[in-house]
Amino acid sequence: MSVQGQHYREFVRTFFTSPTAVEGEDDSAKMLRRAAQLRGMEAPDVWVPDNEDATAPSMRDEGAENIVDVVSEHGSDFPGQIHPRVVWHRNDPNTRYRGFQHMLQITDPEKRAVEFIDGFVIPEVGDIDDWKKADEFITIVEEEHGLEEGSLAMSVIVESAQAELALADLRDEISKPTNNLGRLFLLVDGEVDYTKDMRAITPTGELPSWPELRHNTSRGASANGLIAVDGPYDDIRDVEGYHGRMTDNQAKGMLGIWSLTPGQVVEANKAPLPPKTGSWLLDTNDHAAELKEEDTRYVYEGSALELEETSDGRYRLRVDGDERELNADELREELLDLIEYVPSMNDIVDSMEKFQAAKEAGKGAIAMEQSVTLLIDRTEINITKDRMWDEATYQAAQTPITLFQDVYENRLDQHEELKKMYGRNVVERAMNVG
């Protein structure tokens, strides 16, 4: 169970919701039971028995009972954290009271489920005073059941303009002794309701991507020592689109995402981790093509770039239709601007170890060299790329390693898969570096 201000996960990759009660089934809790038994890469970092949008209003009282039954039975073996979502609404005191009653019911110590529950997810919050109301209700729940104050974490879903504006107020409020907002854990975007609240319209009816909301939520999380999670990606068959969304989020510091299926959980659990093998990309016109490795050479097979060697030993380079004639040095300089390297886990660990050794030897910065042989239209050219490493570079490179370390320390059920993915030696080095 979490302790106030010290939620034991530094990173959350996956936020997986399950309906708490399914109407018309012999066992209305069957989806909960199935989720509670997920393991390995199929199991999320945070499992959210969802007694709000995922469950019909007429089934929510039964849903609260199902949470108690399933979590008390399976909670001790579940490898991630458990944070039920209850009903709440910034403009409706009756809804807030119903959510409060469900929290009281779920955390009744005599029913044993609370032993395995880390906190609650509160949807539809408004301004910062509304966040304080939710915090006060959780404090009353703790007092009512004799739980340690602050032991239940609170995560909020940012799905209104009021909640987005509250992110700017949070830093001034979170440490005040007059509230327990130190129990905050996740800031989760809810783009569907946010779109409704903003009265936004798109020609196709698709959701806007809301990059500003995701940036603001990530910034709010970073400023307050919390964790940011993106909202659901509801086209569950669009794996490429899901990966694209996660890549865009990761560049904003938002490393977690909502997952709707165990398949999405697998993708989201793996996406923030460093790749097993490194790869070279060639970027033209904002499109990065991965180069194919063949016999120690990296081959470009796209159509945006063409290269040929002329009879006088010069080169004719065409990039997106723009043609230039260059000598060998000029060509290398041009290609240096177009190629990028995606480092593997082993590459990152190796570079960090080299920098640590250099720092211990009294050096403040060192050059890391990368060489590659490119093959473009049957023309071969060798490229050498240098990157200076200083303390800031080292700290930036440490983020994916710190993420891996957090995963490895907290997700024992993923150890074998991670060792199989990277190799035992790389895993051991990654756990010791930094």
Side-chain angles (χ1 to χ4, degrees), residues 1-2 9 12-88 95 98-123 138 141 145 152-155 157 185-186 188 190 229 231-232 234 236 256-266 268-269 411 413-414:
M1 190 176 292
S2 302
R9 290 304 301 265
V12 168
R13 300 163 293 168
T14 39
F15 177 95
F16 178 55
T17 48
S18 307
T20 60
V22 181
E23 200 166 3
E25 298 287 342
D26 292 337
D27 177 14
S28 69
K30 73 173 191 175
M31 298 296 285
L32 283 185
R33 295 187 200 283
R34 190 177 302 168
Q37 296 176 71
L38 293 172
R39 298 292 183 270
M41 287 296 175
E42 284 194 335
D45 289 337
V46 169
W47 173 39
V48 183
D50 187 355
N51 209 38
E52 198 224 11
D53 280 352
T55 302
S58 62
M59 299 293 289
R60 287 172 184 161
D61 290 340
E62 185 173 343
E65 295 175 9
N66 287 343
I67 292 172
V68 171
D69 292 343
V70 173
V71 172
S72 61
E73 180 180 358
H74 297 285
S76 62
D77 296 323
F78 187 74
Q81 292 195 18
I82 303 174
H83 295 252
R85 174 160 71 155
V86 296
V87 294
W88 186 270
T95 300
R98 190 178 184 195
F100 170 61
Q101 292 295 320
H102 287 158
M103 285 192 286
L104 277 172
Q105 180 181 353
I106 292 166
T107 55
D108 184 345
E110 294 185 2
K111 298 177 180 178
R112 302 283 307 276
V114 71
E115 298 174 21
F116 314 112
I117 286 175
D118 298 275
F120 287 98
V121 176
I122 309 297
I138 296 175
V141 166
H145 290 318
L152 293 171
M154 181 174 86
S155 301
I157 304 184
F185 178 42
L186 303 179
V188 185
V229 175
D234 58 6
I236 60 175
I257 192 168
W258 202 312
S259 300
L260 298 172
T261 67
Q264 282 193 336
V265 172
V266 172
N269 272 338
R411 292 300 302 274
D413 60 313
Q414 293 182 0

Show me the pairs that pass ring-ring contact (aromatic ring centres under 6.0 Å, His included) and involve residues 48-72, at least two apart or across chains. none
So, does Arg411 use its side chain to make a donor-acceptor pair with the main chain of Pro44 at under 3.5 Å? yes
Any residue meeting salt bridge (charged side-chain N to carboxylate O under 4.0 Å, His left out) with Arg85, in chain and number order, not counting sequence neighbours: Asp50, Glu52
Is any side-chain heavy atom of Phe78 closer than 4.5 Å to a side-chain heavy atom of Arg39? yes
Sorted by chain and number, sequence neighbours left out, side chain to side chain contact (heavy atoms under 4.5 Å, CB included) with Pro262 holds for Phe16, Leu38, Glu42
Quick one: are Leu32 and Trp47 in side-chain contact, heavy atoms under 4.5 Å? yes
Contacts of Glu110 that satisfy side chain to side chain contact (heavy atoms under 4.5 Å, CB included) - sequence neighbours left out: Asp108
Main-chain N/O of His83 paired with Asp118 side-chain donor or acceptor, under 3.5 Å: no
Would you say Ser259 and Thr14 are linked by a side-chain donor-acceptor pair, where the criterion is simply a distance under 3.5 Å? no
Partners meeting side chain to side chain contact (heavy atoms under 4.5 Å, CB included) with Asp27 (sequence neighbours left out): Ala29, Lys30, Arg33
Apply side-chain hydrogen bond (donor to acceptor under 3.5 Å, both in side chains) to Ser28 and list each qualifying residue two or more places apart in sequence or on a separate chain. Glu62, Asn66
Do Asp61 and Arg98 have side-chain heavy atoms sitting under 4.5 Å apart? yes
Separation between CD1 of Ile257 and CZ of Phe15, rounded to the nearest 0.5 Å: 12.0 Å
Any heavy-atom pair between the side chains of Val121 and Val188 that's under 4.5 Å? no
Answer yes or no: does atom CZ of Arg112 have more than 12 heavy-atom neighbours from other residues, nucleotides or ligands under 6.0 Å? no
Return the CD1 to CE distance between Ile138 and Met154, rounded to the nearest 0.5 Å. 5.5 Å
Below 4.5 Å, heavy atoms only, C-beta onward: do Pro84 and Asn51 meet side chain to side chain? no
Under 3.5 Å donor-acceptor, Asp77 side chain and Gln37 backbone: no
